[in-house]
Amino acid sequence: NAGVTQTPKFQVLKTGQSMTLQCAQDMNHEYMSWYRQDPGMGLRLIHYSVGAGITDQGEVPNGYNVSRSTTEDFPLRLLSAAPSQTSVYFCASRQGSYGYTFGSGTRLTVV
Amino acid sequence: TQLLEQSPQFLSIQEGENLTVYCNSSSVFSSLQWYRQEPGEGPVLLVTVVTGGEVKKLKRLTFQFGDARKDSSLHITAAQPGDTGLYLCAGARWTSYDKVIFGPGTSLSVIP
């Protein structure tokens with residue numbers, strides 16, 4: 001049982017490039033979310049999904065897109081990378097009011 | 001302004017001491033969770049509290065949800081070096097159940 005799998009683990013992008021962070025869960029969880037973690041700011045919610053085909057914005061959605069075509073997958077797309085998007089990105093999934101299971105994170109640097 | 005505030009921000013104690021960290025908000029939450037995160041890894045869920053006034057124990061850790069559902073505390077008895085990490089509280093407000101937001105965390109260091 002793999003839980004939540006994120007790829008890649010590390011990525012360096014040039015300003016203006018686009019990329020997709022992958023996230024997959026094998027627990028049949030209905031809720032999935034993307035967070036970014038920056039020093040001193042905890043985890044901030046980017047986008048979340050309450051089920052396949054349903055997504056909504058979190059606290060810091062600008063510059064990011066998501067889609068949820070299946071229950072298992074929830075990719076995060078950076079449209080045009082900026083240095084302000086340098087961060088550690090976590091994908092997480094949960095069922096109902098239970099707590100989240102997190103992936104191991106993607107460390108992104110935009111130069 | 002953080003919706004969830006945590007205090008203290010940093011805490012360094014000797015092995016064997018007791019400690020309490022706090023999570024506070026002006027909003028009412030339907031549930032609150034506590035996580036521990038170690039460097040280079042994702043947060044790991046410790047507990048979820050859902051009822052006002054609820055107390056849960058996990059070995060040496062005691063979690064309490066405030067009666068008004070606006071605050072929570074985590075008490076650790078006889079801290080050990082293995083307790084070192086970043087402790088995060090998180091919750092979903094009654095008005096936006098689907099959004100789980102996190103506090104900034106308390107960084108705990110337990111010195112042998």
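Chain letters run A, B, ... following the sequence lines, proteins first and then strands; every chain starts at 1. Note that this is a predicted model, so its numbers are computed, not measured.
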Taking a hydrophobic cluster as the set of Ile, Leu, Val, Met, Phe, Trp and Tyr residues connected by side-chain heavy atoms closer than 4.5 Å, whether directly or through intermediates, do [X] and [Y] fall within one such cluster?
| X | Y | value |
| --- | --- | --- |
| B/Val49 | B/Ile101 | yes |
| A/Val110 | A/Tyr89 | yes |
| B/Leu46 | B/Leu19 | yes |
| A/Tyr35 | A/Leu76 | no |
| A/Val66 | A/Ile54 | no |

Could you tell me which non-hydrogen atom of A/Leu43 sits nearest to which non-hydrogen atom of B/Pro43, and how far apart they are?
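What the structure gives for the nearest pair is CD1-CG, 4.0 Å.
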Considering all heavy atoms of both residues, which atom of A/Tyr100 and which atom of B/Tyr35 are nearest to each other, and what is their separation?
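So the two residues come closest at N-OH, 2.8 Å.
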Go through B/Leu45 and A/Thr101 one step at a time and tell me if the side chain to side chain contact (heavy atoms under 4.5 Å, CB included) criterion holds.
CA-CA 7 Å; B/Leu45 178 69; A/Thr101 298; over 6 Å; no
At a 4.5 Å cut-off on heavy atoms, which part of [X] comes close to chain A: side chain, backbone, both, or neither?
| X | answer |
| --- | --- |
| B/Gln6 | neither |
| B/Leu86 | side chain |
| B/Gln33 | side chain |

Need one label for [X]: side chain, backbone, both or neither, based on atoms under 4.5 Å from any heavy atom in chain B.
| X | result |
| --- | --- |
| A/Leu45 | side chain |
| A/Gln6 | neither |
| A/Glu30 | neither |
| A/Ser33 | neither |

Would you call B/Phe102 and A/Arg44 a side-chain contact if the rule is heavy atoms closer than 4.5 Å?
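Contact flag for B/Phe102/A/Arg44 side chains = no.
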Could you check B/Gln37 against A/Gln37 for side chain to side chain contact (heavy atoms under 4.5 Å, CB included), going step by step and ending with a plain yes or no?
CA-CA 12 Å; B/Gln37 184 179 23; A/Gln37 187 172 34; 2.8 Å; yes
